[in-house]
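Read through the structure below, which is laid out as structure tokens, and then see the notes.
Lettering of chains follows the sequences in order, A, B, ..., and the numbering in each one begins at 1.
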Number of protein chains: 4
Amino acid sequence: MEAVTNEGEAAPPKRRRRRKEARPQELLDAAMALFIERGYAATRLEDVAKRAGVVKGTIYLYYADKLALFTAVVEQVIAPLLGEDEQWLTEGVPSDAAPFDRLWLLLERWGERLFHTPLGGLAKLVMAEASNFPEMATVYHDRVIHPAMALVERVIIDGQKRGVFPAALQPKATARLVVAPLLQRSLWLSSFAVVCSEASEALDEEVFWANYRLLLREGLLRRMV
Amino acid sequence: MEAVTNEGEAAPPKRRRRRKEARPQELLDAAMALFIERGYAATRLEDVAKRAGVVKGTIYLYYADKLALFTAVVEQVIAPLLGEDEQWLTEGVPSDAAPFDRLWLLLERWGERLFHTPLGGLAKLVMAEASNFPEMATVYHDRVIHPAMALVERVIIDGQKRGVFPAALQPKATARLVVAPLLQRSLWLSSFAVVCSEASEALDEEVFWANYRLLLREGLLRRMV
Amino acid sequence: MEAVTNEGEAAPPKRRRRRKEARPQELLDAAMALFIERGYAATRLEDVAKRAGVVKGTIYLYYADKLALFTAVVEQVIAPLLGEDEQWLTEGVPSDAAPFDRLWLLLERWGERLFHTPLGGLAKLVMAEASNFPEMATVYHDRVIHPAMALVERVIIDGQKRGVFPAALQPKATARLVVAPLLQRSLWLSSFAVVCSEASEALDEEVFWANYRLLLREGLLRRMV
Amino acid sequence: MEAVTNEGEAAPPKRRRRRKEARPQELLDAAMALFIERGYAATRLEDVAKRAGVVKGTIYLYYADKLALFTAVVEQVIAPLLGEDEQWLTEGVPSDAAPFDRLWLLLERWGERLFHTPLGGLAKLVMAEASNFPEMATVYHDRVIHPAMALVERVIIDGQKRGVFPAALQPKATARLVVAPLLQRSLWLSSFAVVCSEASEALDEEVFWANYRLLLREGLLRRMV
DNA sequence: GATGAATGAGCATTCATTCAT
DNA sequence: TATGAATGAATGCTCATTCAT
């Protein structure tokens, strides 16, 4: 229970150590994990505290109440994303690259996050609690979803200008269609894969990416040669 | 408050007895609406009862406890779907129709449900609560998702056999990719559209269908003429 | 613990009896006793419930929260007093009686209440919590203190008009001076007499009334004969 | 927040060390103000500390716990009163003065305190919390009320011996009757005047004193000339 | 079948108190 | 001496569940 200090020397003071800088983050991590796993209402602050290695009351030193903790969790994940992708797309991706490649790089980047970081779980969480906490949903939409979609739209419009993507596609709607498989797989991972082994087979990542790319590039209809 | 029926004649036992058989269904409807709107934990049985026009205690005459009611709600929506689509696909759709058209008819049918019936809200609900109630998630997966996906898979395989769909596509994965936009739009409708007017614009249904079809058929890359 | 039913016959249903009409009053009585004894904050709802023979949660069937219960207690004592005294003074006391006698009858009446009913304890309670619950203090002032003082003022003015009471006295201020001993004794009974036997001797009721009357009638200075 | 003293010269160690001895008194002042204003239970030690310019924990360097602080506050006000008045009455008031004048000087002196120093608020506090802290009530009674009443009693007895005050008055009871208006007005100031502007009009100090004196001297019944 | 009064376990929140620094 | 992070017991309040009628 008590972290063992395997340093041979002075046996540094353990219990009740002043961790005033680390605490908030530890609490956020614990809270995020539980909120994502169980949802807002089913998460007891006592469990959050226990997981963070403190007692219930300690939480209130850092967050006014449960809702504030919840909001902080959402914002913590939102914050580092702001602008990050935009910069990446501008600087990290050759602007003369083929439009589809630019799009694909972006989707791969997001897939990485959605499938292998808490962001995926958070997306589920936000959707589940959206109607209970409208402001939070609004914030998430405005700061995450909207900018993200805008980014895709720009790539699509660029591709259309270059004559590579069909002009008939409406960028806004297409952007949502294009990312749908990412979000969907992420949600299924968070929901069914955990509880249902059958589901997880069907979500094999490699296969997913291969088919996703194929379908996205060329659609269902076979090209005539 | 309650309209009194003080008619001297036959004194038809309306209000009271009329509903005896309807009670369970009324409770289910009320519960579904609230579960979908607020989630499992945030739904109080007292509110369910009030909406159904009965008292809290009455619920327990029909359902063992809150979880049983929840399960019944999920199953109630699942039940009528079982086999229905399968039959429809066999009988209602010309088997000699073009594979893409068969697929498209199926997707339109599901879109109708997801966008305009409680099924959409239920999908959100199930995902949100999946980790809290694994058995329910399993049931939903086995009875709804799995058969549905199997249906799409068959259409895809059929299209491949006829040489219309690319043989390179793995049917299982492709099925999920193909329906992702439907589920995604449904989830967004349930989550963000309610609270964020900006979001709802971007989800215009007609535009959605047009672009969905276009993208699905031909993909992003322009066909050479 | 369980009240024994010493009736020889049918052993009437005891536990969980429907007392829907009696409950609120039982709760109010219990609450009043504890609020008066311990003050607002020091009174735990669990104790109120226990004294009323129910559990904590039951209180919330009748009162929204602790404050509502508190307010109800105050109002319950206030309510029956409204207008009662006024009527009594008009009807019950001969209007041709000597002004001092009319005043004295009124004071005796109030003394009876303050010394031998919960009203005395309530006065202490209201004063102690006035700054914490200003609205309650206002209500108490407007409904109890103000009308009561107005009553005394009228008697005084009447006495002045008849040339019995000195015209130099300002009725409003005199009214307060006249009742001060009543309130004071009541407060001391609630505060010190309970905890300090020495104090209680000094508050002997008969002696109090005799000296009160003497002092009030004739003042400290001996009358020259 | 805290004004920085960046003077280059002697750098007098003001803020920090200046107060070392003042701390307990500062804490007492802060505590008294809050106890009087809000009552015992509603006063949070954190607020006391904040008002005294220290941290919560610091309080415990000087007082064992909340109750000790409370007791200290009561005693702090009691202490300076002990014997003070007695001496004043002996030395400061001509012993050959008219008995009523001696009494009146004493009452004026007390009125000054009750109306214009924290003593008034403290009286309310003590009464409100008497049943919660019997020992404190006892101390207050023995050290403040009892000596004070004894003082008045002596003046009264003296007046009776000189044939100025009616022999029929019982000194102990009369003493309490005589001071009642002072205490009453003080209590009303602490309770209602703060929250109710109507109440404060009725408590005008000059008018109070004039009528108090008149009533006390001569009573309600007009003297025959 | 239906009611609704009553229950009691459970949770968020507060705050006096402690203690390592 | 002073700090302030941490504690934990206490308490108001909620709500699923029960049961006598």
When you measure from the side chain of [X], which nucleotide among [options] comes out closest?
| X | options | result |
| --- | --- | --- |
| A/Arg44 | E/dT3, E/dA12, F/dC13 | E/dA12 |
| B/Val55 | E/dG4, E/dA2, E/dT17 | E/dG4 |
| D/Tyr60 | F/dA10, F/dT7, E/dT17 | E/dT17 |

Using whole Å, what does the distance between atom [atom2] of nucleotide [N] and atom [atom1] of [X] come to?
| X | N | atom1 | atom2 | result |
| --- | --- | --- | --- | --- |
| C/Leu61 | E/dT7 | CG | P | 9 Å |
| D/Phe70 | E/dA16 | CZ | C1' | 16 Å |
| D/Glu46 | F/dA6 | CD | C1' | 13 Å |
| A/Asp47 | E/dC11 | CG | C1' | 11 Å |
| A/Leu69 | E/dT13 | CG | P | 10 Å |
| A/Ile59 | E/dT14 | CD1 | P | 13 Å |

Polar side-chain atom of D/Lys124 near backbone of D/Glu37 as donor-acceptor pair, under 3.5 Å: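 Answer holds: no.
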
Does [X] have any side chain to side chain contact (heavy atoms under 4.5 Å, CB included) partners at least two apart in sequence or in another chain, and if so, which?
| X | answer |
| --- | --- |
| C/Ala33 | C/Arg51 |
| B/Leu61 | B/Thr58 |
| B/Ala68 | B/Tyr63, B/Ala64, B/Asp65 |
| D/Ala31 | D/Phe35, D/Val48, D/Leu69, D/Val73 |

Look at [X] and [N] and indicate whether a side-chain polar atom (N or O) is within less than 4.0 Å of OP1 or OP2.
| X | N | answer |
| --- | --- | --- |
| D/Thr58 | F/dA2 | no |
| D/Tyr62 | F/dA2 | yes |
| C/Arg23 | E/dA6 | yes |

Please list, chain by chain and in numerical order, all residues satisfying salt bridge (Lys or Arg N to Asp or Glu O under 4.0 Å) with [X], sequence neighbours excluded.
| X | value |
| --- | --- |
| D/Glu46 | D/Lys56 |
| D/Asp47 | D/Arg38, D/Arg44 |
| C/Asp29 | none |

Cation over ring face, D/Lys66 and D/Tyr40, 6.0 Å, 45°: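 Relative to the ring axis of D/Tyr40, which defines the angle, D/Lys66 lies inside both limits.
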
Within residues 33-41 of chain A, residues whose heavy atoms come under 4.0 Å of DNA chain E: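 Nucleic-acid contacts, sorted: none.
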
From A/Leu45 atom CG to A/Ile59 atom CD1, the distance as rounded to the nearest 0.5 Å: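 Here the rounded value is 4.5 Å.
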
Base F/dT17 paired with B/Lys66 side chain (donor-acceptor, <3.5 Å):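 For B/Lys66, whose side chain was compared with the base of F/dT17, there is no donor-acceptor pair (under 3.5 Å).
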
F/dT17 base / B/Lys56 side chain donor-acceptor hit below 3.5 Å: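 Per atom types, the contact qualifies.
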
Sugar-phosphate, base or nothing in reach of D/Leu45, heavy atoms under 4.0 Å: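 Touches sugar-phosphate only.
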
A/Asp65 vs D/Ala64, nearer the 5' end of DNA chain E by closest nucleotide: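 It is A/Asp65, whose closest nucleotide lies nearer the 5' terminus.
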
Nucleotide-level pairing of DNA chain E, given in dot-bracket where Watson-Crick and G-U pairs need both distances under 3.5 Å and | marks other strands: .||||||||||||||||||||

